[in-house]
Amino acid sequence: MHAQNRPDRALQATLATLSTHHILQLAQRFTQEHPLPPRRGRPPRYPEYLVLALALLQVRENWSYRALRQKAPHELQVSALPALGTLWYRLAQITDARWHAFLAWLAAQGIGRERAGVAAPPETPLVLVDGTGVGYNTPFYARYRRGAEIRRLRSHIKAVVLGYWQGGVVWVVGASLGGAYADEGRLLGAWLQAYGSGVVGSGALLVGDKLYGYRARLLEQVEQVGWVPVVRVEPGVRQRVRAGSRVRALGRLGRYGWALRARYRIEQVFGSVKRAYGSYVECRSAVQARRWVWGMLVLWNMVKLVNVGGEFFVWVGWEWVYRRIFRTPSRQSLTSPTPMGYNKPANGQRPNLDNRNRFELILGTDPRKAGWFVAYL
């Protein structure tokens, strides 16, 4: 039987159906447990959790700043939002360190819940590391540029992402962002120098591709934080493996070679996030593009945390029905004819809202079963 048709499988949150309530609630909990240090000057008018929620909502919906100001009050149930210039400034003031703290906090919450649900960990903890890229201000979206200027664009964000896996969910425990064509080894080394072992702790296996097997100093740095590097190490054409860290990594392949077969799981994170939010973002500046990449990773941890906690089916409500039936499931503009099965606006026309009365949402009493049904009356 297909996994989605199993009667004992509750409906799971996805990157497209994550409730706005959970985004606002988790952002508020994080800012309460880890508030910013007080500083001199006039206190901000809008709380930090609201700014974080606006940033994540913009990534989830792929809204512009004007669309965010227009539609966010209804989504977040707030009466006032910052002005356009103030909104841009507050979003740009969220530092990489603050985004990383939010990301690590979500991962720590999820890892704790996951460990509490099992008597003994089924697998040795792995830290899967790999790099990916997200484009911005590219020829595909830079509509305000013409001619040879397009060919000079070098707009790209390089991200080295660390995912924690212990037989269950892949949690993004860290990320290091750089510019176009940034060196992945240096980005990982900068992350290790800044955060050490992070929320993972010592004793995990760091699994990477062959690129990291050529970096002897980087492997030493990984061993200093308490992780065991498991990478492929090969001798050169005219020179054998001589560095101590590379020799030790080469000797581990016989014992921990099985861990290399799990490296694909971090690629699944990249594929899922980019399918939901795209590989290119419509930003002109690197500052806003970096914020967009952080938002993608934070939303991934949010979805996994909500699913592990079993809270999705309580709060999704009519928002889920509206997104899946009355709104487009794609990220393209609503200019194509209405496909079968969806009541979407075509050619700029508003949808027929009277059709909402023809659906009824029925909640099941057992959360372990498929308790969500949409019945046609």
Side-chain angles (χ1 to χ4, degrees), residues 13 15 18-39 44 46-61 68 72 75-76 82 87-114 127 132 134 157 159-164 169-178 187 190-192 194-201 266 269-270 272-273 276-277 281 283 287-309 311-312:
L15 293 170
L18 180 64
S19 174
T20 306
H21 168 82
H22 285 106
I23 295 178
L24 190 63
Q25 184 187 50
L26 291 173
Q28 188 172 9
R29 285 177 51 191
F30 166 71
T31 55
Q32 289 176 352
E33 296 183 13
H34 301 277
L36 288 172
R39 59 181 183 180
Y46 302 96
E48 186 195 14
Y49 74 87
L50 179 61
V51 179
L52 291 173
L54 288 172
L56 297 174
L57 191 61
Q58 184 183 26
V59 174
R60 191 194 69 179
E61 299 295 336
L68 182 63
E75 291 279 346
L76 299 175
L87 177 62
W88 193 97
Y89 174 80
R90 289 295 302 271
L91 293 178
Q93 290 301 307
I94 308 176
T95 61
D96 287 358
R98 193 59 174 170
W99 279 117
H100 189 278
F102 195 9
L103 185 74
W105 178 81
L106 291 170
Q109 298 290 320
I111 293 172
R113 291 187 182 184
E114 197 175 32
V127 178
T132 187
V134 177
I157 296 295
V160 171
V161 181
L162 293 87
Y164 175 90
V169 177
V170 178
W171 302 96
V172 179
V173 295
S176 182
L177 306 187
L187 291 178
W191 188 91
L192 293 173
Y195 302 104
S197 59
V199 299
V200 178
I266 192 65
V269 176
F270 300 154
S272 300
V273 170
Y277 306 129
V281 296
C283 298
V287 174
Q288 299 299 331
R290 292 169 72 96
R291 176 183 60 79
W292 207 280
V293 175
W294 281 114
M296 293 178 180
L297 300 177
V298 168
L299 286 172
W300 169 270
N301 276 359
M302 277 190 173
V303 169
K304 298 306 175 181
L305 179 60
V306 169
N307 289 336
V308 170
E311 301 171 353
F312 176 66

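Glu75 and Thr20 share a donor-acceptor pair across their side chains, judged by distance under 3.5 Å alone. Residues His100 and Trp191 have side chains that bring a donor and an acceptor to within less than 3.5 angstrom of each other. Residues Trp171 and Asn301 bring no donor and acceptor atom of their side chains to less than 3.5 Å of each other. Under the 3.5 Å distance criterion, with hydrogens and angles disregarded, a donor-acceptor pair is assigned to the side chains of Arg291 and Gln58.
Taking all atoms of both residues into account, the shortest heavy-atom contact from Val59 to Tyr277 is O-CD2, 3.6 Å. What you find for Leu76 and Leu24 is that their closest heavy atoms are O-CD2, 4.1 Å. For Val173 against Ala104, the heavy-atom pair with the smallest separation is O-CB, 4.3 Å. When all heavy atoms of Gln288 and Ala92 are compared, the pair lying nearest together is NE2-CB, 3.5 Å. Contact record, Leu177 with Arg290: O-NH2, 3.5 Å, taken as the closest heavy-atom pair. Taking every heavy atom of both residues into account, Arg60 and Leu18 meet most closely at NH1-O, 2.6 Å.
Between His22 atom NE2 and Leu56 atom CG the span is 14.0 Å, to the nearest 0.5 Å. We find the SG-CD1 distance between Cys283 and Ile157 to be 9.5 Å, quoted to the nearest 0.5 Å. Distance check, rounded to the nearest 0.5 Å: NZ of Lys304 to CZ of Arg113 gives 14.5 Å. Distance check, rounded to the nearest 0.5 Å: CD of Glu114 to CG of Asn307 gives 11.5 Å.
In this structure the side chain of Leu68 never reaches within 4.5 angstrom of the side chain of Glu61, judged on heavy atoms.
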Go through the steps for Thr31 and Leu52 under the test side-chain contact (heavy atoms from CB on, under 4.5 Å), then give the verdict. CA-CA 9 Å; Thr31 55; Leu52 291 173; 4.0 Å; yes
Set out, in order, the CA-CA distance, both residues' side-chain angles and the distance that settles side-chain contact (heavy atoms from CB on, under 4.5 Å) for Ile23 and Leu299, then state yes or no. CA-CA 8 Å; Ile23 295 178; Leu299 286 172; 4.1 Å; yes
I would like to know whether Trp294 and Asp96 meet side-chain contact (heavy atoms from CB on, under 4.5 Å); could you show each step before the answer? CA-CA 8 Å; Trp294 281 114; Asp96 287 358; 3.0 Å; yes
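The closest donor-acceptor contact from the side chain of Thr95 to the backbone of Arg98 lies under 3.5 Å.
Salt bridge status for Glu48 with Arg90: absent, with no side-chain N to carboxylate O gap under 4.0 Å.
Considering Val161, Thr132, Val170 in turn, Val170 is the only one that fulfils the side-chain contact (heavy atoms from CB on, under 4.5 Å) rule with Val269.
For the ring pair (Phe, Tyr, Trp, His ring centres under 6.0 Å) test, residues two or more places apart in sequence or in another chain that qualify with Phe102 are Phe30. Residues forming a ring pair (Phe, Tyr, Trp, His ring centres under 6.0 Å) with Phe270 (at least two apart in sequence, or on another chain): none. With sequence neighbours left out, Trp105 forms a side chain to side chain donor-acceptor pair (under 3.5 Å) with Glu33.
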